[in-house]
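Reading through the structure tokens given below for one structure.
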Amino acid sequence: MEGSTRVWFVTGASRGFGLEIAREAPAEGDAVVASARNAEQVEAELAGTGRLR
């Protein structure tokens, strides 16, 4: 998939393995759709990535 952006759908993105995937995928140039029970926690954890919308 050279030259294309992958999109990750990550559940449980507020902590643990889901959070780590949501942090690392944008660093590789990929897009992330993150979901969690606590949206505020996801926003706080991913605010520094520069890709939170």
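Index from 1, following the sequence.
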- Note on the structure: Nearest heavy-atom approach of A31 to T5 is N-CG2, 3.8 Å
- Residues A13 and A36: closest non-hydrogen pair is N-CB, 3.9 Å
- Minimal non-hydrogen separation, V10 against G18, with atom names: CG1-O, 3.3 Å
- Would you give the length of the straight line joining atom CG of D30 to atom CD of E24, rounded to the nearest 0.5 angstrom? 11.0 Å
- Please examine the side chains of L19 and L46, heavy atoms only from C-beta on, and report whether any two atoms are closer than 4.5 Å. yes
- Item | Sidechain N-carboxylate O distance under 4.0 Å for E45, R23 | yes
- Would V32 end up clustered with F17 when hydrophobic side chains under 4.5 Å apart are linked, directly or stepwise? yes
- Task: Could you tell me whether the side chain of I21 reaches within less than 4.5 Å of the side chain of W8, counting heavy atoms only?
- Result: yes
